[in-house]
2 protein chains.
Amino acid sequence: MDKRITIYDLAKTLGVSAGTVSRSLNDHPSISRKTKERVISIANELGYKTNKFAVNLSKQKSNTIGVIVPKLNSIFMSTVLAGIEKMANEAGYNLIISQSLESMEKEKINAKTLYDSGVDALLVSLAYDTTDFDHFAYYIRNKIPLIFIDRVHNLPNCSTIIIDNKLAGFEATEHLINQGCKNLLYISGDLRRNVYSERFKGFKEALAKHGLPFDNANYLESDLSPNSVKHAMAHIKDTHVPFDGLFVANDTFAALCLKELKKENIKIPEDIKVIGFNNDPISDLVTPTLSTIHYPGYELGVLAGQSVISHLNGGINLQPTNAITLRHSLIIRESTLK
Amino acid sequence: MDKRITIYDLAKTLGVSAGTVSRSLNDHPSISRKTKERVISIANELGYKTNKFAVNLSKQKSNTIGVIVPKLNSIFMSTVLAGIEKMANEAGYNLIISQSLESMEKEKINAKTLYDSGVDALLVSLAYDTTDFDHFAYYIRNKIPLIFIDRVHNLPNCSTIIIDNKLAGFEATEHLINQGCKNLLYISGDLRRNVYSERFKGFKEALAKHGLPFDNANYLESDLSPNSVKHAMAHIKDTHVPFDGLFVANDTFAALCLKELKKENIKIPEDIKVIGFNNDPISDLVTPTLSTIHYPGYELGVLAGQSVISHLNGGINLQPTNAITLRHSLIIRESTLK
DNA sequence: TTTAATTATGCAATCGGTTGCGTAATAAAT
DNA sequence: ATTTATTACGCAACCGATTGCATAATTAAA
């Protein structure tokens, strides 16, 4: 009763071969219009559904794209994913999404699982602590498109999609300086991740350009989790020369800092000016509103989606060094007013 | 060279049949320990990887779970997804995630696509405007587990996982009343969605219990998008009897309202007390901090994942009316202080 | 040692499409 | 009307597992 209709069923009722049915359904040129129409009409009538499992086996591809992100529940990442999903969906691809939870071990397992389940391509934003990249070797060896997003690593034949984090870091820092800050603190994530190290470079370059000294006190590495805010506060208070400018590696952590600073009766922006990163919705809702760097997450996702799909379809677009850089922008709000 | 090793290759080099190899790899009882070990060791040596496509075709199942959510880029939904993903991943299932973008049409397409690609189960949180449910008929007819999350609908043989929105709405409202509010406004989403209509019921019940009148002015339907804040403000200002308490259907919109109200020089909580919903991170970062209802999104996801997996594994747990209700809690912050 | 009971393996069909190659059917050219 | 192109379709191998059933190998019982 509920048995699925196959091309063989169609072939039998039409008195043609299964091959003809298959080709008709796929609009193959070597089938006459008349036959195609007969096949299609019968297929509709009988409620034929193509069995993807069989197609997959036969074609050795799954029509799915794998994604590994550090965490799903971050507004930035979920925005990126929304962009990817939109493109994938429009192109008829399914998205298998997994999270590394910022652990290289889990990232490895996910990479393997996705490989085994036969994804046609893989999009990755690296975990916090990923140091080696052997788990991507299968993909490269088997020419499965591999694209890094945001938190990237330079591997041969892999595209990367990023913003110019160094420049963004430079601009954020220079903005603080232009607003009169003399002693800045960059609160960073793990420097092994390009996004943080690049921003750090920009930070230092801006200091250098404006003749401001840099020493270790001007840099604080953090895991950017809510629990770490108190470490950051301790660092800020313990430093001999008081900071008057804060460049924080993401808006959420910046917002947390803002809250703590206010608790300590430190005035923003009068005493300390603060700039975040990402332009998360939160940055416009806190008090004072938070200056930040707009990071176009959705566009990033869209571009990543488009890129991977053009890889898959065209096979073109496989330039050896293929790095796409999106435009960021500085957003000035209350937290850095003079 | 790069050709994949199949069970036939293993069979040939071992001098046994493919069936034996298959059974060995799956630890089938009718194979001797010795043979199993030989097979497994050769498999490792040759770098054998099972071809999921073949397994899927043979077993007619995909080891994937489909998910349709309204939007990926909401902190609540991505938190739910994080919970689902964790459970699915631990159980060896892949997650195919798609978003309806709050449109029933896209929800239908997604449901069909996921069905066609052979997901073993489907988790759904309904789009804003979904009114009919035919697109889930395949699933029910073919006994593919279908579970609704958060934004649910009662379909035969489908589980739902929710919180008690009516009670939560009641508690939020009663809290406002206890803090001295006399003229409340409930800013709601579309009442066709259970979450909003249930909260509305709770709202009205609390008013009734405390002898407060209710008329249409006490209720405002909104799409809860940032653009709609001005409508809400207009409603608040145009009403003859000024409101002194606001119950807003989610924290993000509540935060937006907070900001606008402050712009209008309305004091929170002195003039108007505000309570949100969800306990998004943002609710603790705005000024004043926002009272809200804690909605355990991650736990919801975990439970949804567990539930679907136990359906798939045990086949048990298929009670006809299977509604899981999670515990919520009232979180009192500054925005509703006396 | 022979027979019966167990245990281990092989055979071959099956899952449902795709596709290269060969040929029949039709159309065009001579 | 015959030959040559073209077009339309069929055949059958193939993708890589799984699995019911038959049989061979081994062990236990008689």
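Scope of the values below: all heavy atoms of this structure, side chains included, with no hydrogens, waters or symmetry mates. Chain naming here is simple, since letters A, B, ... match the order of the sequence lines and numbering starts at 1 in each.
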Could you go through residues 39-50 of chain A and list every donor-acceptor pair under 3.5 Å that involves a side-chain atom there, pairing it with any protein atom two or more places apart or in another chain?
residue, atom, partner, partner atom, Å
A/N44, ND2, A/I40, O, 3.4

field: Selection from C/dT19, D/dC9, C/dG16 that lies nearest to any side-chain heavy atom of A/S22
entry: C/dT19
- request: Would you indicate what A/N26 reaches in the nucleic acid, counting non-hydrogen atoms under 4.0 angstrom: base, sugar-phosphate, or nothing?
  value: sugar-phosphate
query: What string of B, S and - do you get for nucleotides 24-29 of chain D, 5' to 3', if B is base contact, S is sugar-phosphate-only contact and - is no contact with any protein heavy atom under 4.0 Å?
result: ------
task: Five pairs at each end of the helix from C/dT1-D/dA30 to C/dT30-D/dA1: take the axis at both ends and give me the angle between them to 10°.
output: 40°
- prompt: Do B/M87 and B/V308 come within less than 4.5 Å of each other through their side chains, counting heavy atoms only?
  reply: no
message: Out of the candidates A/K71, A/R193, A/R151, only one should pair with A/E102 under the salt bridge (Lys or Arg N to Asp or Glu O under 4.0 Å) rule; please name it.
response: A/R151
field: Proximal nucleotide (of C/dG17, D/dG10, D/dG16) relative to the B/S58 side chain
entry: D/dG16
task: Just jot down the side chain to side chain contact (heavy atoms under 4.5 Å, CB included) partners of B/A91, sequence neighbours excluded, or say none.
output: B/Y93, B/I309
field: Integer-rounded Å distance: C/dG17 P and A/N51 CG
entry: 5 Å
field: Neighbours of DNA chain C within residues 32-50 of chain B, by heavy-atom distance under 4.0 Å
entry: B/S32, B/T35
- request: For this output row, return yes or no: ring centroids of B/F148 and B/F136 closer than 6.0 angstrom.
  value: yes
Quick test: give all pairs of protein nitrogen or oxygen and nucleotides 11-13 of chain C nitrogen or oxygen below 3.5 Å, distance rounded to 0.1 Å.
residue, atom, partner, partner atom, Å
C/dC11, N4, B/R23, NH2, 3.3

- prompt: Hey, are B/N51 and A/Q60 close enough side-chain-wise for a donor-acceptor pair under 3.5 Å?
  reply: yes
